[in-house]
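In what follows, a structure is listed as structure tokens, so that the remarks can point back to it.
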Amino acid sequence: MKALLPSLVLFLQTALLMPPRASAQNEIGYVERFALAGDRDSILQELIPGAEDYYYFHALHFQVQGRCAEFDAILEQWRKRFPDSGRFKPFEDRQALIDYSSDPAKTLDYLKRELGLSFDHQREQKPGERALPSRLDPAEVSREAFLRRATAGREDLGQLEDSALNPYLRSGAQLSPAQLREVLQRVSRPGFPRLTELVLAELALPESGGFGSLPIHQALLRDQLDALAESRLDLLANPSFVHLFLSRLAPNDDVALSSSPAIRLAYFEALHAFTATLQPSFNLL
């Protein structure tokens, strides 16, 4: 059954390509014998040379076999012999599609010519119509430009999302007192740029609530607390700062002080050294 499938396909193709009016020689009997023949070259010998069916079946055979040179030759003879016939046109169309894989440009030119396609349309521009730019100015769509527009003429930073505060501070922006407090109220991580500088600036404001008044104070790291203490000695008199500093002297949570005498001793010595610098009001420590 599988061996008959190619022959049946060719039979159907042949029948579909046949025009409605067929000569007696091209009745279904010959079409069937041609499609099922094991040697179609011998079947083609039955056709009368010069008759249109002679060109038709030879062209079909050569095209199906992929014998391009012979197909082109028989098609050229067919055009000269029957220039007004429309039967060779489907062969030309089919060959153009077959040739696409080897010569796409040739096939596309053929289709544009046969279908009357053109791609030279241009947009009509009315007289006096304003020509708009075709690209955006990179300087106007940069991060810096967006930050500048979001903060221009405003006392707050409400136009900036929390993720934009980091690049805004890195750009060296100068903050007003209101903006400074807003930033510190919105920041939640100690890795924020210029954080120690911002905390010191806020503590220097007359309206500052002091150390411990902002949530970010409790997130500061040991080195940040050291920097604050060096810049503002009065912090050593602030209970919130002192207790936070003491908590930063503790070892990591994965260290068991009860089973690590050396680490426990170093911790107690650090506590003693720090509390020795405090004012008498912290003598209980």
Side-chain angles (χ1 to χ4, degrees), residues 143-144 147-148 150-285:
R143 180 188 293 272
E144 293 73 17
L147 290 175
R148 184 173 61 252
T151 56
R154 299 178 63 95
E155 274 297 314
D156 64 272
L157 301 176
Q159 295 296 314
L160 298 181
E161 296 183 354
D162 290 348
S163 60
L165 294 178
N166 191 313
Y168 182 60
L169 269 294
R170 290 187 184 278
S171 67
Q174 298 300 315
L175 302 177
S176 67
Q179 292 174 334
L180 176 61
R181 289 190 61 82
E182 181 180 350
V183 168
L184 291 176
Q185 288 171 346
R186 293 170 62 179
V187 170
S188 60
R189 297 181 180 275
F192 196 77
R194 300 168 50 189
L195 182 56
T196 303
E197 171 193 337
L198 298 177
V199 171
L200 286 172
E202 194 279 331
L203 292 175
L205 295 177
E207 62 271 22
S208 173
F211 190 88
S213 61
L214 297 173
I216 189 58
H217 292 166
Q218 303 302 316
L220 296 175
L221 304 177
R222 167 69 185 278
D223 59 339
Q224 293 171 321
L225 295 177
D226 285 334
L228 292 177
E230 291 177 4
S231 299
R232 293 185 62 100
L233 295 177
D234 60 315
L235 289 175
L236 295 177
N238 184 306
S240 297
F241 181 86
V242 170
H243 287 285
L244 180 62
F245 196 98
L246 289 173
S247 69
R248 295 295 186 265
L249 294 177
N252 296 331
D253 292 338
D254 57 349
V255 175
L257 292 178
S258 59
S259 58
S260 305
I263 296 178
R264 184 168 65 251
L265 176 60
Y267 172 48
F268 289 159
E269 288 177 344
L271 291 176
H272 184 269
F274 176 69
T275 54
T277 63
L278 300 178
Q279 298 180 9
S281 58
F282 292 98
N283 283 346
L284 289 178
L285 287 177

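The two residues Ser213 and Gly210 come nearest to each other via the heavy atoms OG-O, 2.7 Å. In terms of heavy atoms, Ala219 sits closest to Ser188 at CB-O, 4.2 Å. The shortest non-hydrogen separation linking Tyr267 to Ala250 is CE1-CA, 3.5 Å. Across Leu244 and Ser247, no two heavy atoms sit closer than the pair O-OG, 2.5 Å. Shown here for Ser240 and Gly212, the closest heavy-atom pair between the two residues is CB-CA, 4.3 Å.
Phe282 has its side chain out of reach of Thr275: every pair of non-hydrogen atoms, C-beta onward, lies at least 4.5 Å apart. Side-chain contact between Arg181 and Leu214 is present, with heavy atoms from C-beta onward closer than 4.5 Å. Using a 4.5 Å heavy-atom cutoff, the side chains of Leu236 and Gln279 are not in contact. Inter-residue side-chain proximity for Val242 and Leu246 is flagged as met; some heavy-atom pair is nearer than 4.5 Å.
In Glu207, the CD atom is crowded: over 12 heavy atoms of neighbouring residues, nucleotides or ligands sit closer than 6.0 Å.
Rounded to the nearest 0.5 Å, atoms CG (Leu160) and CZ (Arg186) are 6.5 Å apart. Taking CG from Leu220 and CG from Asp226, the interatomic distance works out to 11.5 Å, rounded to the nearest 0.5 Å. Atom-to-atom distance recorded for Leu249:CG and Glu269:CD is 12.5 Å, nearest 0.5 angstrom. Between the CG atom in Leu198 and the CG atom in Leu203 there is a gap of 11.0 Å [rounded to 0.5 Å]. Leu235 contributes atom CG, which lies 9.0 Å from atom CG of Leu225 (distance to the nearest 0.5 angstrom). Rounded to the nearest 0.5 angstrom, Ile216 CD1 and Leu195 CG are separated by 5.0 Å.
Judged by distance alone, with hydrogens and angles left aside, the side-chain atoms of Ser231 form a donor-acceptor pair with the main-chain N or O of Ala227 at under 3.5 Å. Between the side chain of Ser208 and the backbone N or O of Leu205, no donor-acceptor pair lies under 3.5 Å. Under the 3.5 Å distance criterion, the side-chain polar atoms of Glu197 are left unmatched by any main-chain donor or acceptor of Arg194. Looking only at distances, no side-chain donor or acceptor of Glu202 sits under 3.5 Å from a matching main-chain atom of Leu184.
Relative orientation of the His217 and Phe211 rings is parallel, given thresholds of 30° and 60° on the angle between their planes.
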